[in-house]
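Here's the structure, in structure tokens; my notes come after.
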Number of protein chains: 2
Amino acid sequence: MELDERKTKILQAIIKNYLETGEPVGSRTISKYTDLNLSSATIRNEMADLEELGFIIQPHTSAGRIPSDKGYRFYVDAMMLEHEKEVEQLKDVLLEKEEKLDHMLKQAAKLMAVNTNYATMVTAPRSSRNVLKFLQLSRMDASHILAVIVIEGNVIKNTVIDVAESLNDETMLKLNILLNTHLNGLSVEEINLGLITALKQQAGMYGPIIEEVIDAVAETIKEDEDLEIYTSGANNIFKYPELSDNQKASDLINAFEEKQLLTQLIDDTNTDGKNEIKVYIGEESPIQTMKDCSIVTANYEFGDGMRGMIGIIGPKRMDYDKVVGTIKTIKSQLDMMYKKDED
Amino acid sequence: MELDERKTKILQAIIKNYLETGEPVGSRTISKYTDLNLSSATIRNEMADLEELGFIIQPHTSAGRIPSDKGYRFYVDAMMLEHEKEVEQLKDVLLEKEEKLDHMLKQAAKLMAVNTNYATMVTAPRSSRNVLKFLQLSRMDASHILAVIVIEGNVIKNTVIDVAESLNDETMLKLNILLNTHLNGLSVEEINLGLITALKQQAGMYGPIIEEVIDAVAETIKEDEDLEIYTSGANNIFKYPELSDNQKASDLINAFEEKQLLTQLIDDTNTDGKNEIKVYIGEESPIQTMKDCSIVTANYEFGDGMRGMIGIIGPKRMDYDKVVGTIKTIKSQLDMMYKKDED
DNA sequence: TATTAGCACTCGACCTAATTGAGTGCTAAC
DNA sequence: GTTAGCACTCAATTAGGTCGAGTGCTAATA
């Protein structure tokens with residue numbers, strides 16, 4: 001049996017209706033709503049076929065049909081090809097105000113949540129190459145030195161180092177030159193034990209300070225790895241009864257609070273370099289506790305090999321059209337952000 | 001009518017039982033559970049009195065009694081006097097590992113959540129005096145200057161400033177000296193427009209840079225104001241049916257995600273300088289959406305006039321004893337943290 | 001051959017009434 | 001002052017009944 005044009009139309013009608021109502025849809029509804037001019041009986045026959053093909057499911061004997069994961073997948077694939085929809089009202093909202101990066105990302109997450117009524121997430125851009133760009137020690141007061149570390153992509157990190165006795169200007173200058181000449185432009189992998197030992201030797205009695213600085217550098221990189229994730233609209237899940245029973249809601253909220261789980265999504269999105277919009281439907285989700293959800297994600301580019309991820313999480317019957325449009329818009333705004341910075 | 005000893009015992013028995021079960025408790029239960037050796041009829045008489053006094057409530061005619069807010073209040077006050085309980089297993093968990101402040105606070109929130117099964121929050125310590133401690137400009141690359149700003153309490157902030165043309169070492173030194181001699185040790189309030197104008201004049205053609213630096217200082221202070229809040233265990237609310245109906249759960253989750261609302265709690269806790277443990281029961285809560293909850297908070301001291309807040313939020317029938325113990329323990333650990341840093 | 005009308009059937013949703021049982025207040029006896 | 005006993009209340013549960021949306025199947029129709 002094949003999926004001919006009429007079956008396709010019926011399938012799409014079923015899904016579209018289900019997306020709106022969240023209720024199983026019956027043959028009579030389709031017969032009346034569509035312009036196919038077919039009786040409910042004919043629709044019933046076709047629906048039986050569609051069920052056999054695995055696109056729709058009957059939750060119980062005397063109920064209408066709801067889309068299966070396979071049905072959603074079909075619908076989404078068709079939509080992605082067809083539409084290049086943009087959500088107009090979001091355009092340039094982000095670009096309008098110049099703000100700090102973290103505020104902006106938080107804002108992006110919120111915008112998406114308000115616009116779609118689903119839960120959203122945005123990760124801070126993360127560099128794939130970890131190259132040390134700038135490093136400086138300053139004397140803060142008699143017993144504290146401030147180390148400022150900048151890595152590629154302008155991730156900045158500060159560490160305060162305790163010292164037993166005050167260092168004079170000349171020593172500070174010497175240490176700064178020593179560190180910068182040897183470390184600048186190196187990636188983390190290149191800063192190995194041999195190099196560290198050599199540096200410590202040259203620093204003489206100030207070896208321990210060098211060690212602390214290097215530790216701080218290492219930690220900067222590490223910190224960059226367990227990255228910041230901004231979420232918004234987690235409470236939107238309560239708008240969808242199919243997600244708001246106690247167990248499911250608890251699991252979802254937990255995922256959003258812990259954020260640890262969400263990183264799986266990032267890895268998954270990242271490995272695929274194609275830089276497109278990805279849609280996970282139900283069982284396709286890489287996150288166990290989201291088997292009842294659909295997830296739409298995309299990467300955004302921040303130049304310098306930096307990239308972050310945005311994502312929307314909602315019920316399987318989400319408004320894919322709108323969600324994909326929203327994601328696209330926000331993605332392009334974030335992409336532009338960097339280019340604007342370049343000027 | 002007075003609250004004699006027997007009434008007190010009965011009231012406490014009712015509350016204790018209700019805390020465990022979450023169900024209205026009847027006269028027969030009290031008659032059997034306590035060692036008062038009174039019949040259910042007698043208990044009934046006393047319960048009628050207790051209801052008249054406002055300590056307990058009958059949710060409907062033929063049900064047992066549940067504690068009113070006043071009843072909880074009585075119970076909590078009595079407990080606070082009596083007990084100086086410590087939660088042993090938590091001792092020194094935080095102190096054991098030396099970690100970065102934000103990790104540690106996140107950990108503290110998590111510890112409390114796991115230990116109590118309620119939702120918890122921890123705010124980063126915040127300075128009440130905003131004094132500029134250290135300020136330094138460095139040339140990062142040809143077109144970017146890095147400004148490092150440290151305020152009292154070692155809150156550090158970086159800003160990258162774009163410049164049209166590269167500045168030479170001498171100019172950088174001059175700007176640094178200019179800024180430090182005039183601004184160090186000043187509070188934000190003292191950095192007024194007159195001072196800024198004078199500085200800009202002295203900086204000559206580099207006035208715009210001075211302006212950007214001052215802007216960054218202002219923002220550091222501001223950012224310090226919309227402070228970091230770490231939460232954990234928000235999904236614990238699903239363990240308590242009285243909080244997990246859709247509307248309430250949604251509101252609570254929202255409060256925990258937005259965090260904006262939680263700041264009310266901080267202000268309230270802070271104004272009272274007594275630095276004790278505070279318990280808000282039901283209607284006493286400063287947060288509208290938490291009228292069905294109880295909230296226990298405490299401040300912790302981080303020296304230098306820095307203080308943060310920890311809090312636990314749960315149902316009115318929370319295990320106050322345990323919660324207060326947990327809060328006390330975590331508070332003392334955080335208090336110690338700073339003292340340990342001092343060494 | 002494809003489509004449609006008709007019909008018997010299924011089954012969750014909803015309504016109602018009856019039953020249950022925990023708990024109460026009151027009264028009279030101890 | 002305490003207690004036993006009893007009538008009463010009322011939410012929660014159960015059981016039975018109806019309703020209606022939806023189905024599959026069959027026979028008639030275009």
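In what follows, every heavy atom counts, from backbone to side chain, and hydrogens, waters and symmetry copies are set aside. A note on names: the letters A, B, ... follow the listed sequences, proteins ahead of strands, and every chain is numbered from 1. Please read all numbers here as calculations on a predicted model, not as lab measurements.
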* What is the distance, rounded to the nearest whole Å, between atom CD1 of B:Ile43 and atom C1' of D:dG1? -> 13 Å
* **Separation of C:dT1 P from A:Asp4 CG (nearest whole Å)** => 17 Å
* To do: Only pairs at least two apart or in different chains count here, so list each salt bridge (charged side-chain N to carboxylate O under 4.0 Å, His left out) that has a residue in residues 15-31 of chain A.
  => none
* Structure fact -> To the nearest angstrom, the CD1-P distance between A:Ile30 and D:dG22 comes to 10 Å
* To do: State whether B:Thr42 places a side-chain N or O below 4.0 Å from either non-bridging phosphate oxygen (OP1 or OP2) of D:dT3.
  => yes
* Taking side-chain hydrogen bond (donor to acceptor under 3.5 Å, both in side chains) as the test, write out the residues that go with B:Lys239, two or more places apart. => B:Asn117, B:Asn236
* Structure fact -> A:Glu23 CD to D:dG20 P, in whole Å, measures 17 Å
* For A:Asp77, check salt bridge (Lys or Arg N to Asp or Glu O under 4.0 Å) against everything at least two apart and list the hits. => A:Arg73
* Structure fact -> Whole-Å distance, A:Leu38 CG to C:dA5 C1', equals 14 Å
* To do: Taking side chain to side chain contact (heavy atoms under 4.5 Å, CB included) as the test, write out the residues that go with A:Ser39, two or more places apart.
  => A:Ala41, A:Thr42
* Asked: Is the B:Phe74 ring parallel, tilted or perpendicular to the B:Phe55 ring (thresholds 30°, 60°)?
  -> perpendicular
* Sugar-phosphate means primed atoms, P, OP1 and OP2; the rest is base. With that split, encode nucleotides 22-28 of chain C 5' to 3' as B, S or - using protein heavy atoms under 4.0 Å. => BSBB---
* Structure fact -> For B:Glu46, the side chain to side chain contact (heavy atoms under 4.5 Å, CB included) test, sequence neighbours excluded, returns B:Arg6, B:Lys7, B:Ile10, B:Asp49
* Could you give the CG-to-P distance, from A:Asn17 to D:dA21, as a whole number of Å? -> 15 Å
